[in-house]
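Below: the structure, in structure tokens.
Just so it is clear, the structure is predicted and the values come from calculations on it, not from any experiment.
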Amino acid sequence: MPIVTIQQGPRGVEQKRELVKKVTEAFVEALEVPAESVFVWIQEYPAESWGAAGRLTADR
């Protein structure tokens, strides 16, 4: 039972649906497991709660 955790900034519901679909398809293909066994968790963080290259994402 693969469990995938994705950490990202906020996205729309349609984008998350597509992401979960494609991640599931990748695991089904690569590991030859049924789609029903793939669990995808999305953890979203606001722009003021993460950064890159020494700057908060909110400041970009």
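- The distance from atom CD1 of Ile6 to atom CD of Glu44, rounded to the nearest 0.5 Å, is 10.0 Å.
- Rounding to the nearest 0.5 Å places OG1 of Thr5 at 12.5 Å from CZ of Phe39.
- In terms of hydrophobic clustering, with Ile, Leu, Val, Met, Phe, Trp and Tyr side chains grouped at heavy-atom distances under 4.5 Å, Val40 and Leu31 are assigned to a common cluster.
- In terms of heavy-atom proximity, Gln7 sits nearest to Gln43 at NE2-OE1, 2.9 Å.
- Annotation for Glu48: atom CD counts as buried by contact number, over 12 foreign heavy atoms lying within 6.0 Å.
- When hydrophobic clusters are built by joining Ile, Leu, Val, Met, Phe, Trp and Tyr residues whose side-chain heavy atoms come closer than 4.5 Å, directly or via intermediates, Val20 is grouped together with Val33.
- Remark: side-chain polar atoms of Arg55 are paired, donor with acceptor, to backbone N or O of Asp59 under 3.5 angstrom.
- In this structure, Thr57 contributes its side chain and Trp50 its backbone to a donor-acceptor pair below 3.5 Å.
- Leu19 CG to Glu14 CD: the interatomic distance, rounded to the nearest 0.5 Å, is 12.5 Å.
- With a 4.5 Å cut-off on side-chain heavy atoms, Lys16 and Gln8 count as touching.
- In terms of modelled atom types and a separation under 3.5 Å, the side chain of Gln15 and the main chain of Gly12 share a donor-acceptor contact.
- Under the 4.5 Å side-chain heavy-atom criterion for ILVMFWY residues, a single connected hydrophobic cluster contains both Trp41 and Met1.
- The main-chain N or O of Gly51 is never found under 3.5 Å from a side-chain atom of Arg60 such that the two would form a donor-acceptor pair.
- Summarising the local packing, CD of Glu32 is surrounded by 12 or fewer heavy atoms from other residues, nucleotides or ligands at distances under 6.0 Å.
- With salt bridges taken as basic N to acidic carboxylate O contacts below 4.0 Å, none links Lys22 and Glu25.
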